[in-house]
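Right, one structure below, let's go through it.
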Amino acid sequence: MSTIPEATVDAARVGRRVVELGLSPGASGNLSVRAEGVTYMSPTGVSLSALDPEQLAVMSAEGVQLSGPRASKEYPLHEAMYAKDPEARAVIHLHSAQAMAASCLRPASERSALPPVTPYLVMRVGRVPSVAYAPPGSKELGEELASVEGLFHGALLANHGLIVSGRDLAQALDRAVEVEEACRLYVQLFDAPARWLTEDDVAVLTQRYGTPW
Ligand SMILES: [Zn+2]
């Protein structure tokens, strides 16, 4: 009988996929997954391509490290994301190029850093609020994320990158890819006379798919 939780095997697989997709420049980024009352977090200083299911940091529900190698310093950010999205069981944070670029631009609106560029962003993620800048790994950055009002499954951290949550790592990865693509379009179309989806267009989708905007 295997004692390796399935969630940790998912973590290693999704970590490799993130790197294959080119979303982890310079071995950046981290992920976590919740199962059986604990949070498994990628360790500090380990590439997402080289995660070992048996060598993940294990954190208690109170954020205390229980076992394993030292958790990524961006753990407080993950904890804040779980607190924001009660259904979340996985979180991915990336310094992917397009998210980095978009996170340096002015937010599209008060509620979302990204405009409703495509129906897919609205259907799969919903609004992507902007989180004010604080140093990476700081408690303040987690507090900035916590201070954003309302539900969201993805956010842009100013001058830093993206963070997404999901009911599992597969959904979180889908959302990370969707946010990265929406960021690419926002960067390309910034200040162009582009047509975004209208409020009515967005309302039809959020009602159908249950996403926040
Ligand atoms: Zn970061």
Side-chain angles (χ1 to χ4, degrees), residues 10-12 14-34 39-51 55-59 63 65 68-85 88-107 112-114 125 127-148 152-166 169 171-184 186-187:
D10 285 349
V14 168
R16 282 194 301 276
R17 190 70 192 129
V18 164
V19 174
E20 282 166 11
L21 289 168
L23 299 176
S24 173
S28 59
N30 39 73
L31 58 79
S32 66
V33 60
R34 286 193 155 173
T39 305
Y40 298 94
M41 174 95 200
S42 53
T44 187
V46 177
S47 165
L48 288 178
S49 65
L51 295 179
Q55 288 294 319
L56 298 176
V58 184
M59 313 295 290
Q65 178 137 15
R70 192 152 59 91
S72 161
K73 70 178 188 308
E74 297 193 289
Y75 178 75
L77 187 60
H78 286 237
E79 208 171 51
M81 196 67 182
Y82 286 113
K84 268 286 149 196
D85 183 355
R89 292 293 174 270
V91 170
I92 300 177
H93 162 56
L94 300 173
H95 300 173
S96 45
Q98 303 302 325
M100 283 292 236
S103 76
C104 299
L105 299 174
R106 63 171 181 271
S112 186
L114 299 176
V125 184
R127 73 187 185 111
V128 182
S130 178
V131 175
Y133 180 81
S138 65
K139 208 165 123 272
E140 290 72 23
L141 184 55
E143 288 166 0
E144 289 292 353
L145 189 145
S147 74
V148 177
F152 54 91
H153 306 303
L156 288 191
L157 313 174
N159 305 83
H160 182 164
L162 68 81
I163 186 163
V164 291
S165 58
L169 278 164
Q171 188 182 40
L173 177 60
D174 283 348
R175 284 176 169 163
V177 169
E178 200 59 53
V179 170
E180 178 74 356
E181 287 307 309
C183 286
R184 186 192 310 278
Y186 187 46
V187 169

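One-based numbering, in listed order, for ligands and for the atoms of each.
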Contacts of A99 that satisfy side-chain contact (heavy atoms from CB on, under 4.5 Å) - sequence neighbours left out:
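Testing A99 for side-chain contact (heavy atoms from CB on, under 4.5 Å), a comparison that skips the adjacent residues, returns S96, L156, L162, E180, C183.
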Tell me yes or no: between the side chains of H160 and E74, is some donor less than 3.5 Å from an acceptor?
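Note: H160 and E74 side chains meet the donor-acceptor criterion.
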Going by atom types only, do Y82 and S32 share a side-chain donor-acceptor pair under 3.5 Å?
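Side-chain D/A pair, Y82 to S32: present.
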Check: T39 and V91 side chains under 4.5 Å, non-hydrogen atoms
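They are not in contact (no side-chain heavy atoms under 4.5 Å apart), so the answer is no.
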Side-chain heavy-atom pair L145, F152 within 4.5 angstrom cut-off:
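Heavy-atom side-chain distance check passes, below 4.5 Å.
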For a distance under 2.8 Å, give residue and atom name for each protein N, O or S atom next to the Zn ion (ligand 1).
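Listed by chain and number, the nearby protein N, O or S atoms are E74 OE1, E74 OE2, H93 NE2, H95 NE2, H160 NE2.
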What heavy-atom pair brings H78 and M41 nearest, and what distance separates the two atoms?
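Of all heavy-atom pairs spanning H78 and M41, the closest is NE2-CE, 3.5 Å.
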